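One structure below.
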Amino acid sequence: MITADDDGASGGRPAALLVWYDRHRRVLPWRPPAGVAADPYAVWLSEIMLQQTTVRAVGPYFEKFMARWPSVTALGQASLDDVLRMWAGLGYYSRARNLHACAVAVATQHGGRFPDTEDGLRALPGVGPYTAAAIAAIAFGRQTMPVDGNIERVVSRLYAVEDEMPKAKPRIQELARTLLGPSRAGDSAQALMDLGATICTPKKPACALCPIDDDCAARRRGDAETFPRKAPKKTGALRRGAAFVVIRGDQVLLRSRVAKGLLGGMTEVPNSDWLSDQDDAAARAQAPAVTGATRWHRKAGVVSHVFTHFPLELVVYTAQAPAGTHAPKGMRWEKIATLAGEALPNLMRKVIAHALD
DNA sequence: AACGCGTGGTG
DNA sequence: TCACCAAGCGT
């Protein structure tokens with residue numbers, strides 16, 4: 001058996017990273033104790049959830065999913081709606097749709113076992129170059145180095161890569177691979193990720209605590225924080241719209257969004273288009289026709305929300321509908337008391353909370 | 001090859 | 001405050 005100490009005796013940055021990792025590795029819900037084999041299902045589930053999402057946000061979702069669906073086969077037997085309900089609030093909902101599709105594929109086409117090669121994993125829905133390499137290395141010990149945002153940052157600093165992202169990606173991938181030791185590929189990758197998350201942070205990196213600071217070109221230059229080089233990104237224009245909350249006794253009127261695109265497949269209250277140049281009258285004119293509902297009342301204030309590519313402000317209207325009022329075509333009544341379990345994105349939770357306030 | 005795609009934390 | 005960003009992927 002090769003241990004970190006053995007690697008350390010041979011010297012080099014890969015070994016130094018593993019020595020550091022064995023002492024400082026984070027304890028995470030999806031990470032087994034040191035030396036214990038990882039469960040491919042747990043690795044895959046966590047990697048999908050962690051895409052562009054913080055460890056803190058993922059924690060409770062990972063625990064919920066593992067408790068309800070302990071295996072990929074169990075998850076593959078769940079309905080997409082149930083998966084979306086459990087995913088609600090975590091964002092990037094195409095991940096949930098692909099997660100379900102992937103579980104079905106693994107259960108039905110691979111006998112409930114994940115492919116153990118990078119290429120095999122890469123073919124699964126929602127599994128791209130990073131995730132395929134991460135699962136291959138962490139769950140199956142394959143000699144490959146996944147490159148995520150953390151590792152991009154660590155490597156771009158270590159070598160002071162001047163090229164701007166994403167042009168620098170191939171070079172960084174190449175350099176990252178040199179940090180793989182002769183064994184423990186998964187730990188090598190996780191060491192770099194932990195280093196990026198705790199020491200080599202985007203702002204104010206703690207270089208004094210870094211196990212490889214002597215090797216770091218950016219550290220020597222004193223401008224580690226300026227890596228990786230990136231072009232400034234443009235912020236989207238504010239969009240405006242209206243949301244309509246119809247109350248019938250202890251229920252509220254809901255509908256489902258189309259399966260693809262923004263908040264695809266998720267549940268919402270009826271609402272208008274969201275346009276950058278739309279006045280209140282135009283938005284209000286898109287209220288649903290609910291037979292028997294009394295007049296709309298505009299709630300004071302607005303609900304503000306920020307998506308990746310644009311900020312949004314919604315005006316909220318409420319109306320009361322008499323008992324027995326029929327839901328318009330494609331809509332349904334749901335009890336307010338059980339909304340917590342619905343596939344409502346946080347934007348819609350804000351809207352409903354504002355309406356009931 | 002850019003762009004669309006959520007949400008919450010941070011300096 | 002607000003721009004940035006977090007274990008990216010699909011198109």
Side-chain angles (χ1 to χ4, degrees), chain A residues 25-26 28-31 38 42-62 84 87-99 101-102 121-139 145-154 164-167 169-170 173 176 186 188-198 200-205 225-226 228 230-236 238-239 257-266 268 274 304-312 343-350:
Chain A
R25 70 200 289 275
R26 289 176 291 173
L28 301 171
W30 45 88
R31 189 179 276 180
V43 173
W44 163 74
L45 179 60
S46 66
E47 289 298 343
I48 300 299
M49 288 182 166
L50 286 162
Q51 291 169 4
Q52 298 292 283
T53 307
T54 58
V55 163
R56 172 182 306 208
V58 165
Y61 283 85
F62 176 82
L84 289 177
W87 194 279
L90 197 54
Y92 284 139
Y93 298 101
S94 68
R95 292 184 297 169
R97 289 179 258 129
N98 285 329
L99 184 86
C102 183
L121 290 159
R122 181 68 184 78
L124 295 168
V127 178
Y130 162 76
T131 305
I135 299 172
I138 297 170
M145 179 60 86
V147 178
D148 72 332
N150 286 307
I151 298 181
E152 266 174 7
R153 187 170 57 255
V154 171
E164 229 173 49
M165 298 296 295
K167 182 171 177 291
K169 276 179 180 288
Q173 171 69 252
S188 293
Q190 292 179 95
L192 286 174
M193 290 188 244
D194 279 20
L195 187 65
T198 63
C200 195
T201 49
K203 295 180 181 176
K204 298 186 182 299
E225 192 172 323
T226 67
K230 284 184 183 178
K233 57 178 73 169
K234 43 205 161 189
T235 61
L238 173 68
R239 301 186 197 181
R257 293 177 65 87
V258 294
K260 292 182 183 299
L262 185 65
L263 306 177
M266 300 298 285
E268 65 180 5
W274 305 340
S304 296
H305 195 75
V306 180
F307 291 102
T308 306
H309 49 304
F310 66 93
L312 174 68
L344 289 163
N346 280 2
L347 164 63
M348 291 299 154
R349 294 181 188 275
K350 286 190 206 173

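Throughout, a chain's letter reflects where its sequence line sits, starting with A, and its residues are numbered from 1. Bear in mind that the values here come from a model prediction, so they are computed numbers and not experimental data.
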Checklist entry - OP1, OP2 of C/dG8 versus side-chain N and O of A/Q52: anything below 4.0 Å? => result yes
Item to check | A/R31 side-chain proximity, nearest of C/dC5, B/dT7, C/dA7 | outcome: C/dA7
Next on the checklist: For A/D194, is there an ion pair with A/R25 - N to carboxylate O distance below 4.0 angstrom?
Outcome noted: no
Next on the checklist: Distance criterion of 3.5 Å, no angle test: do you see the side chain of A/T53 paired donor-to-acceptor with the base of B/dG6?
Outcome noted: yes
Checklist entry - Across the strands shown, which category fits A/V306 at heavy-atom distances under 4.0 angstrom: base, sugar-phosphate, nothing? => result base
Checklist entry - Ignoring hydrogens and angles, are the base of C/dA6 and the side chain of A/R95 linked by a donor-acceptor pair under 3.5 Å? => result no
Next on the checklist: Counting distance alone, no hydrogens or angles: does the base of B/dG4 have a donor or acceptor under 3.5 Å from a partner atom on the side chain of A/T308?
Outcome noted: no
Checklist entry - So does A/N98 get a side-chain nitrogen or oxygen closer than 4.0 Å to the phosphate oxygens (OP1/OP2) of C/dC9? => result no
Checklist entry - Is the distance from OP1 or OP2 of B/dT7 to the nearest side-chain N or O of A/H305 less than 4.0 Å? => result yes
Next on the checklist: Quick check on DNA chain C: between A/G196 and A/K203, whose nearest nucleotide comes earlier from the 5' end?
Outcome noted: A/K203
Next on the checklist: Under 4.0 Å from OP1 or OP2 of C/dA6: is there any side-chain N or O of A/R153 that close?
Outcome noted: yes
Item to check | side-chain N/O A/H309 vs B/dC5 OP1/OP2, d < 4.0 Å | outcome: yes
Checklist entry - Any side-chain N or O of A/Y92 under 4.0 Å from OP1/OP2 of B/dG4? => result no
